[in-house]
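This report refers to the structure that appears directly beneath it.
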Amino acid sequence: MRASQFFLATLKEAPQEAELPSHKLMLRAGLIRKLGSGLYSWMPLGMRVLHKVERIVREEMDRAGALEVIMPPIQPAELWQETGRWELYGPMMLRVKDRAEREFCYAPTAEEVITDIARKELRSYRQLPVNFYQIQTKFRDEIRPRFGVLRAREFSMKDAYSFDADEGGMLKSYQKMFDAYVAIFTRLGLTFRPVSADTGEIGGSASHEFQVLADSGEDLIAYSDASDYAANIEKAEALAPATPRAAATEPMKKDPTPGTSTCEGVAKLWNLPLARTVKAILLTADERVHMVLIRGDHSVNEIKVGKVAGLKGWRWATDAEILAAADGPAGYLGPVGLDRSKITVIADRTVAAMSDFVCGANEKDFHLRGVNWGRDCPEPDLVADIRNVVAGDPSPDGKGTLAIVRGIEVGHVFALGRKYSEAMGATFAAEDGTQKAFEMGCYGIGVTRIVGAAIEQNHDDKGIIWPDPMAPFTVAIIPMGAGKSEAVKSASEALHADLVAAGIEVLLDDRGERPGVMLADQELIGIPHRVVIGDRGLKDGVVEYQHRRDAEATRVPLADVAAFVKAKLAR
RNA sequence: CGGGGUGUAGCGCAGCCUGGUAGCGCACUUGCUUUGGGAGCAAGUUGUCGGGGGUUCGAAUCCCUCCACCCCGACCA
């Protein structure tokens, strides 16, 4: 490809709206242009990258035996009403009406449609297992679209759905997809980790996320330094402390803490470590108020809270509820002196093992110190894991300790089970002649998000550094002064022709720009391999090769350069 | 949704406080020179100052209103 025949839309300065490196670089390199909040057009250069990603995804999905389909992005409300998700999905779903006032949505996902296909088309266990997938545009009306393509409202997603006759088969299909995902992200050249995850709204038994590791990621991942254990922090279990609760050594004492409503404040005031304090959070579930206790330096894991018996569908308590149940205002709450008939005390495992701790006195401007379970207040009604793990916690698998890194979720696999097939009456004739609901799995990959994640992980101050498999062009040829030097011109043309003939994607910069412009653009765009051809080297019969990650150029004899580049790519 | 901010040329910004009909850099066009790290000189082009309404002799500037976009937060007491 000649640059003069292509459309490069590079920008010297990034539009004000961009915050993250990947967002800025995608705009500057001319991969995308913004249309509206969370809406992006893909420019020619971006399309080349997107096609690379799609191609690898397709190849690995096909290799895993999945079959490509394409379903409409506009879906009738009726299907969603069958599973109850028309209401459940809420404002995230973009709803539209046609001229006859019939309701539709712009698909945020396609479980309903694929299940509808399955119940109509799949009749016998003999047709199973099957896995259908599509690469299709989705729309989710995010609360706050941001980070460019990483949290856009419209995005391209590969979604696959497997149908099996029984759970064993489904788990096999799940494993196949898991393996395919590993192959996809490996081929893309990304540093990633599969982590076990919460199943969230979609439901089901097993679930793994595929996270591209990057400092700007929105997700926190806990992993063990001594085993394969890795989990989203939403799910990572915080084990109970290994050492039992120590015996009480201090008397309980009530002291004033005027205007100090936080654990940090009390710890500072009394010159105690934060880890000696306990914070109390009140919430309401099933009309009953619950006090949740977390160590001062820990944070509540809302997902874990929702899984505690009796707390399904909980909400934060109102100020009125707090006063009625605890006799004290928010900021000064604790487990001592409560009327347990009105309130249930739920302690995090860590808190349950604490002694001589500090907590609120259920009275404005007072806290207690030297508090001990059993002696000063009854034992907690319930002890549960309700906090987020922190770096240094023991790994839940018993091997090593946890460290925490950030990641960008680019893939997610779910062992769904019969949730959708049962809701929609999707059944098949089993071997014994009975009708059974399909065992389903669903598997997503954020195709457009991968592009942003790859840049987030691979860039420097000059621009993008594409992994070869995703690069819009693999090699850039930069002729110095081709307008003046016939030797430079013919050498560039010859190399271009040679590499093109070898099926290599080359960009020959024949725009006649100045050297600085050509080099800066090549670096911004992130073409991984470049060959600079100029009279300076040509008089010695050499040209310069430099990888985007190399600090220095390598002088290569002109006669060998084609072979040299091909050898570099073959690795 | 709550809070904050911004909207002036394709991009980045100044002008607004203290009203007088719009400017800078880059980009773009033409010419000459230049050509190994975002060139120089010269001559140009580009704006419904986000929309609507109001105040005023006069509004980018003051007031009201709507819209768009960005950032932070969304209950951790």
Side-chain angles (χ1 to χ4, degrees), chain A residues 8-20 23-24 27-28 30 33-39 90-91 141-148 151 153 257 259-266 277-284 289 291-305 314-323 325-326 328-334 348 359-360 362 364-365 367 386-388 462-463 478-485 488 509 511-524 530-539 543-544 546 553 555:
Chain A
L8 290 178
T10 55
L11 260 26
K12 229 181 231 184
E13 290 171 289
Q16 193 50 53
E17 74 222 28
E19 194 80 355
L20 281 195
H23 189 191
K24 283 185 187 158
L27 256 5
R28 284 227 291 139
R33 288 279 113 105
K34 187 172 80 164
L35 211 217
S37 182
L39 304 172
D141 198 355
E142 296 282 350
I143 299 177
R144 180 139 94 93
R146 62 185 125 173
F147 308 143
R151 185 164 295 281
R153 294 196 290 178
T257 50
T260 309
S261 64
T262 62
C263 286
E264 288 81 2
V266 175
T277 65
V278 168
K279 66 182 155 199
I281 298 145
L282 261 54
L283 43 90
T284 305
V289 177
M291 176 178 283
V292 163
L293 297 167
I294 294 286
R295 202 170 78 184
D297 58 332
H298 286 156
S299 61
V300 173
N301 181 313
E302 298 181 22
I303 291 169
K304 289 179 181 177
V305 169
W314 64 274
R315 58 173 174 79
W316 305 107
T318 61
D319 286 342
E321 287 170 332
I322 292 175
L323 279 174
Y332 302 93
L333 300 173
D348 180 63
C359 64
N362 296 318
K364 184 163 170 52
D365 293 338
H367 279 79
I386 48 176
R387 70 171 172 96
N388 286 317
K462 290 177 181 164
I478 300 184
M480 296 292 178
K484 259 186 22 187
S485 165
V488 167
D509 199 337
R511 294 176 297 170
E513 286 290 350
R514 303 174 65 81
V517 173
M518 293 191 285
L519 294 170
D521 274 349
Q522 177 268 140
E523 285 158 346
L524 209 211
R530 91 171 173 211
V531 177
V532 173
I533 300 179
D535 277 329
R536 194 204 270 171
L538 245 31
K539 67 177 171 10
V543 298
E544 294 161 30
Q546 186 170 356
R555 287 159 66 87

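Here is how names work: the chains are called A, B, and so on, in the same order as the sequence lines, proteins then strands, and each is numbered from 1. Predicted, not measured: the structure shown is a model, and the values here were computed from it.
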Just call it for [X]: base, sugar-phosphate, or nothing, with non-hydrogen atoms closer than 4.0 Å on any strand.
X         : value
Arg315(A) : nothing
Leu282(A) : base
Glu523(A) : base
Arg151(A) : nothing
Leu519(A) : base
Gly483(A) : nothing
Ile143(A) : base
Val292(A) : nothing

Using the test side-chain hydrogen bond (donor to acceptor under 3.5 Å, both in side chains), find all partners of Arg33(A) that sit at least two apart in sequence or belong to another chain.
none
Record whether the side chain of Asp535(A) comes under 3.5 Å of the base of G36(B) through a donor-acceptor pair of N or O atoms.
no
Counting only distance, no hydrogens or angles, is the base of G38(B) paired donor-acceptor with the side chain of Glu513(A) under 3.5 Å?
no
Check against salt bridge (Lys or Arg N to Asp or Glu O under 4.0 Å), Glu544(A) and Arg555(A)
CA-CA 5 Å; Glu544(A) 294 161 30; Arg555(A) 287 159 66 87; 5.4 Å; no
According to a strict under-4.0 Å criterion, is Lys12(A) in side-chain N/O contact with OP1 or OP2 of C26(B)?
no
Distance check: side-chain N/O of Arg514(A) vs OP1/OP2 of A39(B), anything under 4.0 Å?
yes
Distance, [atom1] atom - from [M] to [N], rounded to whole angstrom:
N      : M      : atom1 : value
A68(B) : C62(B) : C1'   : 23 Å
U8(B)  : C70(B) : P     : 14 Å
A22(B) : G47(B) : P     : 12 Å
G54(B) : U61(B) : C1'   : 15 Å
C1(B)  : G12(B) : C1'   : 33 Å
A59(B) : C17(B) : C1'   : 15 Å
G10(B) : U29(B) : C1'   : 14 Å

What is the per-nucleotide protein-contact pattern of nucleotides 6-12 of chain B, from the 5' end, where B denotes a base atom under 4.0 Å from a protein heavy atom, S denotes such proximity for sugar-phosphate atoms only, and - denotes neither?
-----BS
Going by atom types only, do Asn362(A) and Tyr332(A) share a side-chain donor-acceptor pair under 3.5 Å?
no
Under the rule for salt bridge (Lys or Arg N to Asp or Glu O under 4.0 Å), what residues qualify as partners of Lys24(A), not counting sequence neighbours?
none
Strictly by Watson-Crick or wobble contacts shorter than 3.5 Å, is anything paired with G36(B), and which nucleotide is it?
none
Quick test of your reading of the model: are Glu19(A) and Arg146(A) salt-bridged, counting only N-O distances below 4.0 Å?
no
